[in-house]
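Working notes, structure below.
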Amino acid sequence: MSDNRQKALDYAHANNAKFRADLDELLKIKSISTDPEHKGDVMTAAEWCADKLRGYGFENVKVYETATQPSVLGEYMGAGEDAPTLLVYGHFDVQPVDPLDLWDTDPFEPTEKDGRLYARGASDMKGQVIATTAAIESALAAGELPVNIKFYMEGEEEVGSHSMKAFLEEHHQKLTADFVLNPDGGILGPEQPTIVYALRGLAYFQLDIQGPAMDLHSGIYGGVLRNPANELARLIAGMHDENGRVTLPGFYADVLELSDEERANLAKLPQTDDFYREQTGQKEMTGEAGYSSVERATARPTLDVNGLLSGWTGAGSKTVLPAKAMAKISSRLVANQDPAKIAEGLRQYVKDNIAPGMQWEVTELAHSSPSITPTDSEVVAAMQQALETVWDKPVLFRREGGTVPVSGYLKDFLGIDSVVGGFGLPEDRLHSPNESLHLATWTRGIDAFIHFLYNLSA
C-alpha cells in the first residue's frame, strides 16, 4: 500500500467526527426540490456544496441556475495531464417529508440512535455526497489527489432532473472525463459489498380520457353513455396479458435479453422472494412469467399505474357519471429500450383499443434512458478492488430496478461508463418517514472511496 493511500486512510479515521459534522450541516438544509416554498433552501444547499469544493482548492466552481433548480460544477486538475479524470455526480435535493406525523424525530434535525443517523436525505443522497467529499479531503491531506476530479451536482434529481438534458447540452464540454462515479446507490447489506452495473430507464406518462362535456347524474344517464372511468379501467386491464407481459405494440422489440451467465449471477443474490416479502409486507410475488423476482425487479421492463383520478373521491357518496378520467403511468426500461418508442407504443395501444366516441390524450411527463456498464471495465474493476479490500470478501454484482437519469445522459453526451457506488442499505427507508443512514457502513464507504481513487490512478 502506498504511503499516501495509508496517510489518507489514517486522516479519514482521525477525522470521522468532522465528516459527521459536515453531514449534519448539510442535512439541516430543507432542500425539498418538489416544493416551491423550499426553492431558496435548494439554492442554499447548492451554495453549501460549492463552498465545500472551493475549500478543497477546486477551480471553476460555479452555481448555475437552470429553468428549475440549480446545479454545481467544479474541477480539480492538479494530478496532471497523464492522470485519469473522474467525474463525480451527486444531488443535494431531497424528497418531501410527508406524512410528518409518522416521523419519530424531526426530519431536518439529524438524530443518532442505535448506530443510525435519522434525517431526510441521510441515505438518499447527502450521506453519499459527504462520503465522496470526505474521501477527497483525506486524499488531499495526504498530498495531491491521485486523479483529476470534476464534480457535477444537481438540485432536482428527486423531481426527475427535468433541466439536465438542456444543461448537459450547454455544458457537456466542461464535464469531459475518463470515468464517472455515481454514488447514488447502495449495497445489499452491511456485510454484502455490492456494485450496481445496470440501471433501468424511465418513461412516465399521463393518460387523459374525456367522455361527456360535464359530470352527469348516474341515475338519469347511466347505461346510456360510456363512462370514462370504466373505459380507463378497461384499457389499463388490457395493458398486460395473462402471463404478465405488457401488450403495448413493440414494447419488447429492443429489450437486451439476459444471458445465462447473468441469470446465474442474479440468482446468487439475496433478493429472493422472501427478501421482497420482508421489504414490502406482501405475501405473494407476481409478474412476467418465466422470470424470477429479482429479474423482474431489476432486469425486465415494466408498465405500472402510479395514480388514478376520476369522478367523486370525497367522503360519502355522490352519484355521478364522470366526464373524464386520468391515470399516471410509468414504464421502467432496460438496456436498448428507447423512451420515445415506448411513448409511441402507448399511443398506438390507446388508439387501437379505445371505444368510439371517447377523446384521449397521452402526455409524456418524464423520460430517462437505461444504462449498463460492462463488469470488466476499468472503473468497475477499481471499485471492485476497493470494496473487496475494505470488506475482505467478494463483491456481488447486481442490477438496480430504479432510475438515475444522469447515468443515461452522461453515456449519451460523453460516451463514458459509470460505476454506481454508494452505501445505502435496503432498510434505510428512502423516500419514507424515518429515513436513516447506517453509520458503520457509511464509515467503511469512505475508506472504499479512498481506495477507489488510488486504484483509478494505478
Does a side-chain heavy-atom distance below 4.5 Å link [X] with [Y]?
X	Y	result
Y89	E157	yes
Y56	L140	yes
R300	Y252	yes
K411	I372	no
L309	K328	no
L453	I450	no
M326	L308	no

What is the distance from atom [atom1] of [X] to atom [atom2] of [Y], rounded to the nearest 0.5 Å?
X	Y	atom1	atom2	answer
H431	R429	NE2	CZ	15.0 Å
Q69	I32	CD	CD1	11.0 Å
H451	L456	NE2	CG	13.5 Å
F275	L269	CZ	CG	9.5 Å
D98	W103	CG	CH2	10.5 Å
N148	T85	CG	OG1	4.0 Å

Minimum heavy-atom distance between T176 and K150, given as atom pair plus value: O-NZ, 2.9 Å
Of all heavy-atom pairs linking R54 and V61, the shortest is NH2-O, 3.6 Å
Can you spot which of L425, L437, L117 makes a side-chain contact (heavy atoms from CB on, under 4.5 Å) with W442?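 Output: one option passes, namely L437.
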Identify the residue among T375, T373, I187, V380 that makes a side-chain contact (heavy atoms from CB on, under 4.5 Å) with I195.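 Considering T375, T373, I187, V380, a side-chain contact (heavy atoms from CB on, under 4.5 Å) with I195 is found only for V380.
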Within a radius of less than 6.0 Å around [atom1] of [X], do more than 12 heavy atoms belonging to other residues, nucleotides or ligands occur?
X	atom1	answer
E344	CD	no
R347	CZ	yes
D82	CG	no
E378	CD	no
K174	NZ	yes
Q279	CD	yes
K39	NZ	yes
E257	CD	yes

Hydrogens and angles aside, do [X] and [Y] bring a side-chain donor and acceptor to less than 3.5 Å of each other?
X	Y	value
T68	E156	yes
R332	T403	yes
N16	T443	yes
Q282	Y276	no

Give a yes or no on whether a salt bridge exists between [X] and [Y], defined as a side-chain N under 4.0 angstrom from a carboxylate O.
X	Y	result
E435	R120	yes
R444	D447	no
K7	D10	no
R116	E427	yes
D22	K18	yes

When you measure from the side chain of S368 to the backbone of A366, do you find a donor-acceptor pair of N or O atoms at a distance under 3.5 Å?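 Side chain of S368 to backbone of A366: no pair is present.
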Assign the ring pair Y197 / F397 to parallel, tilted or perpendicular, where the plane angle (0 to 90°) is split at 30° and 60°. perpendicular
Could you label the plane-to-plane angle of the Y11 and F19 rings as parallel, tilted or perpendicular, counting under 30° as parallel and over 60° as perpendicular?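 Judged by the thresholds at 30° and 60°, the geometry between Y11 and F19 is tilted.
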How would you list, by chain and number, every residue that makes a side chain to side chain contact (heavy atoms under 4.5 Å, CB included) with S371, sequence neighbours excluded? L199, S407
Run the numbers on D184 and Q128 for side chain to side chain contact (heavy atoms under 4.5 Å, CB included), then give the verdict. CA-CA 7 Å; D184 194 11; Q128 318 304 333; 5.6 Å; no
Can you check side chain to side chain contact (heavy atoms under 4.5 Å, CB included) on E288 and E295, steps first, answer last? CA-CA 10 Å; E288 186 182 2; E295 291 170 347; over 6 Å; no
Evaluate side chain to side chain contact (heavy atoms under 4.5 Å, CB included) for I209 paired with K324, printing each intermediate quantity in order. CA-CA 5 Å; I209 296 178; K324 55 188 178 182; over 6 Å; no
List the steps and the verdict of side chain to side chain contact (heavy atoms under 4.5 Å, CB included) for V42 and F92. CA-CA 8 Å; V42 179; F92 44 80; 3.9 Å; yes
Stepwise side-chain hydrogen bond (donor to acceptor under 3.5 Å, both in side chains) check, N455 with R5: CA-CA 10 Å; N455 292 345; R5 185 190 298 238; 3.0 Å; yes
From CA spacing to verdict: ring pair (Phe, Tyr, Trp, His ring centres under 6.0 Å), F167, Y64: CA-CA 9 Å; F167 183 84; Y64 294 82; 5.6 Å; yes
Decide side-chain hydrogen bond (donor to acceptor under 3.5 Å, both in side chains) for K126 and S31; before the verdict, give the C-alpha distance in whole Å, the side-chain angles of both, and the deciding distance to 0.1 Å. CA-CA 11 Å; K126 291 179 178 179; S31 50; 2.9 Å; yes
